[in-house]
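Labels below follow one simple rule: chain letters A, B, ... track the order of the sequence lines, proteins then strands, and each chain is numbered from 1.
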Protein chains: 2
Amino acid sequence: MGKNTYKDEDEYRRRRERNNEAVKKSRVKSKLRSQATHERVQQLQMENTKLEEKIGFLASEVEFLKDMLCANHSGKTLFFRPYFIISSFH
Amino acid sequence: MGKNTYKDEDEYRRRRERNNEAVKKSRVKSKLRSQATHERVQQLQMENTKLEEKIGFLASEVEFLKDMLCANHSGKTLFFRPYFIISSFH
DNA sequence: GTTAATTGCGCAATGC
DNA sequence: CGCATTGCGCAATTAA
């Protein structure tokens, strides 16, 4: 009646106390992980936006260069020297 | 001694029971949100990879077009007609 | 076989 | 009022 499977009540309390600490620790850890994941999402979204911008820029550059090639091919004079055109995009 | 601030024990139990349900519900919700966030990370990473690939491709295209322009400018004959070159990249 | 970590669950306080 | 959210402890289970 006055007993559990534990040797004594002090033993029980010691175990409980240690487990309570472990639980707290584990939950802090979990919370931090969750937080990190949210930050990861933010970071990836920003990265993504940058990449989209870069793609837009490169696509324009390609269009521009194609125009230069076409203009040249159709016999028109290029307004800039190619080297200048290219370096202006670096 | 045999009383709380509640009208009666039944009232108390009803409240407790409802709260327990609410807690369970809330935790399921939380778990689903967390799961969704993880999936979002996966999705963004994939998207990111695709964008990086696209950038690589566009950068090559730019290099190629610059070479064509330079070759042309230095007086050499282009091996392909520009239109063909361009369409080959679409 | 012991100890620490994780998990489901209920309680109570508090937020909305 | 009442549900939702949160910190905390208990006990069972799992991983080290």
Side-chain angles (χ1 to χ4, degrees), chain A residues 1-66 86 88-90, chain B residues 1-67 88-90:
Chain A
M1 273 168 178
K3 281 255 171 190
N4 279 326
T5 44
Y6 297 101
K7 298 196 187 90
D8 53 48
E9 206 58 22
D10 287 357
E11 170 65 12
Y12 170 73
R13 279 316 321 161
R14 269 195 297 279
R15 284 166 186 272
R16 283 290 344 124
E17 208 49 49
R18 270 202 299 262
N19 179 246
N20 290 342
E21 288 308 306
V23 168
K24 271 187 244 178
K25 188 177 168 188
S26 177
R27 284 172 180 159
V28 166
K29 199 172 158 189
S30 165
K31 202 159 283 186
L32 289 178
R33 250 180 300 154
S34 159
Q35 212 175 308
T37 305
H38 278 291
E39 279 160 22
R40 183 99 183 93
V41 168
Q42 305 281 320
Q43 188 210 338
L44 283 168
Q45 278 173 337
M46 282 179 61
E47 225 169 293
N48 221 287
T49 302
K50 294 266 185 204
L51 294 175
E52 299 269 19
E53 280 167 12
K54 191 162 182 177
I55 284 170
F57 179 80
L58 284 170
S60 305
E61 190 172 2
V62 165
E63 284 315 301
F64 181 79
L65 291 169
K66 281 179 183 174
I86 291 163
S88 73
F89 270 105
H90 280 163
Chain B
M1 276 169 179
K3 281 256 171 192
N4 279 328
T5 45
Y6 298 100
K7 299 193 187 96
D8 53 49
E9 206 58 21
D10 287 357
E11 170 64 11
Y12 171 74
R13 279 314 323 158
R14 268 195 297 278
R15 283 166 186 273
R16 283 290 346 122
E17 207 50 50
R18 271 201 298 265
N19 179 246
N20 290 342
E21 288 309 306
V23 168
K24 271 187 245 181
K25 188 177 169 188
S26 178
R27 285 173 179 157
V28 166
K29 200 173 160 188
S30 166
K31 201 158 285 186
L32 289 178
R33 251 180 299 151
S34 158
Q35 210 175 308
T37 304
H38 273 89
E39 279 161 22
R40 183 100 184 90
V41 168
Q42 305 281 320
Q43 188 209 338
L44 283 169
Q45 278 173 336
M46 280 180 62
E47 224 168 296
N48 221 287
T49 302
K50 294 265 186 207
L51 294 174
E52 299 270 18
E53 278 168 14
K54 192 163 182 175
I55 285 170
F57 179 80
L58 285 169
S60 306
E61 188 170 4
V62 166
E63 285 314 302
F64 181 78
L65 292 169
K66 281 178 183 173
D67 285 350
S88 73
F89 270 103
H90 279 161

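Side-chain atoms of A/T37 come within 3.5 Å of backbone N or O of A/R33 as a donor-acceptor pair.
The CD atom of B/E63 sits 9.5 Å away from the CG atom of B/L65 when rounded to the nearest 0.5 Å. One finds the OG atom of A/S60 at 11.5 Å from the CD1 atom of A/I55 (value rounded to the nearest 0.5 Å).
Note on A/R13: a side-chain N or O is less than 4.0 Å away from OP1 or OP2 of D/dC10. Between B/R16 and C/dG10 there is no side-chain polar atom (N or O) within less than 4.0 angstrom of OP1 or OP2. Between B/S26 and the phosphate of D/dT5, there is a side-chain N or O to OP1/OP2 separation shorter than 4.0 Å.
When rounded to the nearest whole Å, the span between CZ of B/R15 and P of C/dA12 equals 12 Å. Taking atom NZ on A/K24 and atom C1' on D/dC10, their separation rounds to 14 Å, with Å as the unit. Separating the CD atom of A/E11 from the P atom of D/dA11 is a distance of 14 Å, rounded to the nearest angstrom. The distance between atom CZ of A/R18 and atom C1' of C/dT3, rounded to the nearest whole Å, is 7 Å. Computed from coordinates, the A/N20 CG to C/dA5 P distance equals 13 Å when rounded to whole Å.
Applying the 3.5 Å distance criterion, the base of C/dG10 shares a donor-acceptor pair with the side chain of B/R27. No hydrogens or angles were tested; on distance alone, a donor-acceptor pair under 3.5 Å links the side chain of B/N19 to the base of D/dT5.
B/N20 and B/R16 share a donor-acceptor pair across their side chains, judged by distance under 3.5 Å alone.
For A/K25 and A/E21, the salt-bridge test fails: no basic side-chain N is under 4.0 Å from an acidic carboxylate O. Between A/K66 and A/E61 there is no salt bridge, since none of the side-chain N atoms of the basic residue sits less than 4.0 Å from a carboxylate O of the acidic one. A salt bridge does not link A/R13 to A/E9: none of the charged nitrogens lies less than 4.0 Å from a carboxylate oxygen.
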Q: Using a 3.5 Å limit on both pairing distances, list the dot-bracket string of DNA chain D from the 5' end; Watson-Crick and G-U wobble pairs count, crossing pairs take [ ], interstrand pairs take |.
A: .|||||||||||||||

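In this structure, B/E11 and B/D8 approach most closely via the heavy-atom pair N-OD1, 2.6 Å.
Contacts of B/R14 with the nucleic acid, taken as non-hydrogen atoms under 4.0 Å apart, are absent.
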For residues 42-52 of chain B, tabulate all N or O donor-acceptor pairs below 3.5 Å that involve a side-chain atom, not counting sequence neighbours.
residue : atom : partner : partner atom : Å
B/Q43   : OE1  : B/R40   : NH1          : 2.9
B/Q43   : NE2  : B/E47   : OE1          : 3.4
B/T49   : OG1  : B/Q45   : O            : 3.0

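Each of A/E21 and B/E17 was matched to the nucleotide of DNA chain C holding its nearest heavy atom; the match closer to the 5' end belongs to A/E21.
Interface residues of residues 29-40 of chain A facing DNA chain D, ordered by number: A/K31; criterion, heavy-atom separation under 4.0 Å.
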